[in-house]
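In what follows, residues are counted from 1 in the order of the sequence shown. As the structure is a computational prediction, the values presented were derived from the model and not from experiment. What's counted below: heavy atoms across the whole structure, side chains too, no hydrogens, waters or symmetry copies.
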Amino acid sequence: MSKVILPTLESERLILRPLTIDDLEAVFKWTGDPRVNKYMIYPLYKNVEEGREWLESLYEDEKKLDYGFVLKSTGELIGSGGLYYHEDIDVWSVGYNIAYDHWHNGYTPEAIKRVLEYAQEKYGVHVIAGTFAIENNGSRRVMEKLGMTFYEDTEYSKLDGSETFKAKTYHRVF
């Protein structure tokens, strides 16, 4: 199966580009950080190599828009995220991670807004949704900055089943 080639995008402060195996070390800055991982669906990565399988699995589906967030000012890869289409319910879900040292700078909503603009141009996105643990105020704020509002109470579990969180789903209809 051939890989999907996503275009590089830019926002005011970021270059948004596809991730590669060369990003393993940088990706570990957030996948291996318990502060970042606390509410994430994936288990905490214990070493750099644990990210290899995930990075190799990217870009197999045209409607999974995963981007690395690179600071224009330094060239540093500081996070990743994007939009993922769920054909069965005609909704695009929002997902993101950012290195702890870059929290509270507005990078995540800036990046996701730009990816959303691209997705709207290419696919005509009608609905976006995202779920966050109720204690995760940072993620709630990102979704609010994206114009998303409360949709339903829910819960989710880490992929390894180690933890389940009471959560809220926010959405936005265009």
Side-chain angles (χ1 to χ4, degrees), residues 16 19 23-69 77-113 115-116 119 123 125-174:
L16 307 172
L19 295 164
D23 296 320
L24 267 174
E25 292 273 344
V27 165
F28 187 66
K29 287 180 188 170
W30 64 87
T31 59
D33 185 334
R35 298 168 298 185
V36 177
N37 179 267
K38 184 172 183 174
Y39 300 113
M40 294 298 134
I41 196 166
Y42 59 84
L44 182 68
Y45 287 17
K46 304 214 180 358
N47 62 64
V48 171
E49 279 300 311
E50 287 189 48
R52 182 174 295 278
E53 184 179 344
W54 173 63
L55 287 172
E56 288 175 346
S57 74
L58 294 175
Y59 314 114
E60 294 176 353
D61 181 338
E62 175 180 40
K63 292 185 177 179
K64 286 188 177 178
L65 307 175
D66 276 297
Y67 278 92
F69 307 162
L77 176 65
I78 62 166
S80 69
L83 298 171
Y84 319 98
Y85 185 61
H86 303 278
E87 188 172 357
D88 55 331
I89 56 174
D90 193 26
V91 171
W92 290 77
S93 62
V94 176
Y96 41 81
N97 293 292
I98 192 162
Y100 182 80
D101 293 347
H102 297 285
W103 285 11
H104 309 296
N105 290 303
Y107 294 128
T108 303
E110 179 179 329
I112 299 300
K113 280 179 187 175
V115 175
L116 177 58
Y123 301 108
V125 173
H126 301 293
V127 181
I128 58 172
T131 299
F132 60 91
I134 56 174
E135 298 89 8
N136 189 349
N137 288 320
S139 204
R140 176 184 53 80
R141 287 291 300 134
V142 167
M143 291 186 201
E144 290 171 350
K145 288 177 181 180
L146 294 170
M148 299 167 73
T149 56
F150 176 78
Y151 178 71
E152 68 180 352
D153 289 311
T154 187
E155 64 179 33
Y156 69 92
S157 298
K158 286 193 175 271
L159 294 172
D160 65 0
S162 63
E163 215 169 343
T164 298
F165 302 98
K166 295 234 178 278
K168 295 192 178 291
T169 296
Y170 275 28
H171 83 296
R172 179 176 176 189
V173 178
F174 298 92

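Sorted by first then second residue, the salt bridge (Lys or Arg N to Asp or Glu O under 4.0 Å) pairs that include residues 32-42, not counting sequence neighbours, are Asp33-Arg35.
For Lys145, the side chain to side chain contact (heavy atoms under 4.5 Å, CB included) criterion is met by Pro109, Arg141, not counting sequence neighbours. For Lys168, the salt bridge (charged side-chain N to carboxylate O under 4.0 Å, His left out) partners two or more places apart in sequence, or in a different chain, are Asp153. Qualifying ring-ring contact (aromatic ring centres under 6.0 Å, His included) partners for Tyr100, counting only residues two or more places apart in sequence or in other chains: Trp103. Listed by chain and residue number, nothing satisfies the salt bridge (charged side-chain N to carboxylate O under 4.0 Å, His left out) test with Arg172 (two or more places apart in sequence, or in another chain). Partners of Asp101 according to the side-chain hydrogen bond (donor to acceptor under 3.5 Å, both in side chains) rule, which considers only residues two or more places apart in sequence or in another chain, do not exist here. For His171, the ring-ring contact (aromatic ring centres under 6.0 Å, His included) criterion is met by Tyr151, not counting sequence neighbours. With sequence neighbours left out, the side-chain hydrogen bond (donor to acceptor under 3.5 Å, both in side chains) criterion links Ser162 to Asp160. Taking Asp88 as the reference, nothing meets the side-chain hydrogen bond (donor to acceptor under 3.5 Å, both in side chains) condition, with sequence neighbours excluded. Considering only residues two or more places apart in sequence or on other chains, Glu49 meets the side-chain hydrogen bond (donor to acceptor under 3.5 Å, both in side chains) condition with Arg52. Judged as a salt bridge (charged side-chain N to carboxylate O under 4.0 Å, His left out), and not counting sequence neighbours, Glu50 has no contacts.
Across Tyr156 and Ala167, no two heavy atoms sit closer than the pair CD2-CB, 3.6 Å. Closest non-hydrogen pair, Val115 versus Gly82, comes out as CG1-CA, 4.2 Å. Nearest approach of Ile112 to Tyr96, heavy atoms of both residues: CG1-CD2, 4.2 Å. Leu19 and Gly68 get closest at one heavy-atom pair: CD2-CA, 3.6 Å. The nearest pair of heavy atoms linking Leu65 to Trp92 is CD1-CZ3, 4.0 Å. In terms of heavy atoms, Lys63 sits closest to Tyr123 at CE-CD2, 3.5 Å.
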Could you give me the CA-CA distance, side-chain angles and deciding distance for Glu163 and Tyr39, then say whether side-chain contact (heavy atoms from CB on, under 4.5 Å) is met? CA-CA 9 Å; Glu163 215 169 343; Tyr39 300 113; over 6 Å; no

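In this structure, CG on Leu77 lies 9.5 Å from CD1 on Ile98, to the nearest 0.5 angstrom. Put simply, CD1 on Ile78 and CH2 on Trp30 are 8.5 Å apart, with the number rounded to the nearest 0.5 Å. Thr149 OG1 to Glu144 CD: the interatomic distance, rounded to the nearest 0.5 Å, is 9.5 Å. To the nearest 0.5 Å, the span separating CZ on Phe69 from OG on Ser80 amounts to 6.0 Å.
Heavy-atom neighbours of Lys64 NZ from other residues, nucleotides or ligands within 6.0 Å: at or below the threshold of 12.
Taking the side chain as every heavy atom from C-beta outward, Tyr170 and Leu146 never approach each other to under 4.5 Å. By the 4.5 Å heavy-atom criterion applied to side chains, Asn97 and Thr31 are not counted as neighbours.
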Taking only distance into account, with no hydrogens and no angle test, what donor-acceptor pairs under 3.5 Å do side-chain atoms of residues 126-136 form with protein atoms, sequence neighbours excluded?
| unit_1 | atom_1 | unit_2 | atom_2 | d |
| --- | --- | --- | --- | --- |
| His126 | NE2 | Gly124 | O | 3.2 |
| Thr131 | OG1 | Thr169 | OG1 | 2.7 |
| Asn136 | OD1 | Ser139 | N | 3.1 |

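A donor atom on one side chain and an acceptor atom on the other are not found under 3.5 Å apart for Asn37 and Tyr45.
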